[in-house]
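Starting from 1, each residue takes its place in the sequence as its number.
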Amino acid sequence: MNQELQSFTVEEFQADFDNLIDRVENGESFMITSEHGNAVIIPYNEVVEICEESKVDFDEIIRIHTDHEEGS
């Protein structure tokens, strides 16, 4: 992911969600900006590759992002 990321506001991303998700599924990455901070959406295989290269425990990354009580 050594490219300049195209940026969308949350509202722009929501308005074009299906198209942008299709683009991510085809290998593109994007920055999503908001007043609360920015996020990056990248293809799953890039996340796995980054974790493998950095010797991060991928199962632990998944756990910290899914094992919580928020929203329940």
Side-chain angles (χ1 to χ4, degrees):
M1 195 169 74
N2 295 329
Q3 64 197 23
E4 184 71 27
L5 296 178
Q6 189 173 0
S7 180
F8 297 94
T9 65
V10 170
E11 296 78 15
E12 291 169 330
F13 195 82
Q14 288 173 336
D16 198 18
F17 182 82
D18 290 335
N19 175 52
L20 293 173
I21 290 298
D22 285 345
R23 289 172 61 183
V24 170
E25 289 173 345
N26 287 312
E28 292 186 63
S29 300
F30 303 110
M31 181 176 295
I32 303 169
T33 61
S34 83
E35 62 188 44
H36 305 290
N38 301 332
V40 176
I41 184 167
I42 64 174
Y44 177 80
N45 64 329
E46 286 189 38
V47 173
V48 172
E49 183 179 317
I50 291 166
C51 289
E52 288 174 350
E53 288 175 1
S54 62
K55 307 273 190 264
V56 171
D57 181 351
F58 190 66
D59 290 335
E60 180 65 6
I61 296 294
I62 297 296
R63 187 197 65 73
I64 65 174
H65 287 91
T66 58
D67 187 17
H68 51 76
E69 297 295 323
E70 288 182 17
S72 13

Check your understanding: Is the backbone of Pro43 close enough, under 3.5 Å, to the side chain of Glu46 for a donor and an acceptor to pair up by distance?
Key -> no
Point to revise | Least distance between heavy atoms, Phe30 atom then Phe8 atom | key: CD2-CE1, 3.3 Å
Practice item. For the residue pair Gln6 and Arg23, establish whether any side-chain heavy-atom pair is separated by less than 4.5 Å. Key: yes
Point to revise | Step-by-step side chain to side chain contact (heavy atoms under 4.5 Å, CB included) determination, Ile32 to Asn38 | key: CA-CA 6 Å; Ile32 303 169; Asn38 301 332; over 6 Å; no
**Study point:** OG on Ser29 to CD on Glu4, rounded to 0.5 Å
**Key:** 12.0 Å
Review point. Atom CZ of Phe13 and atom OG1 of Thr33: how far apart are they, to the nearest 0.5 Å?
Key: 11.5 Å
Revision key, fill the gap. Which of Thr9, Val10, Asp16 passes side chain to side chain contact (heavy atoms under 4.5 Å, CB included) with Glu12? Answer is Thr9
Study note, to complete from the structure: d(Arg63 CZ, Glu60 CD) to nearest 0.5 Å is 4.0 Å
Practice item. Please tell me if the side chains of Ile41 and Ile21 come closer than 4.5 Å, counting only heavy atoms from C-beta onward. Key: yes
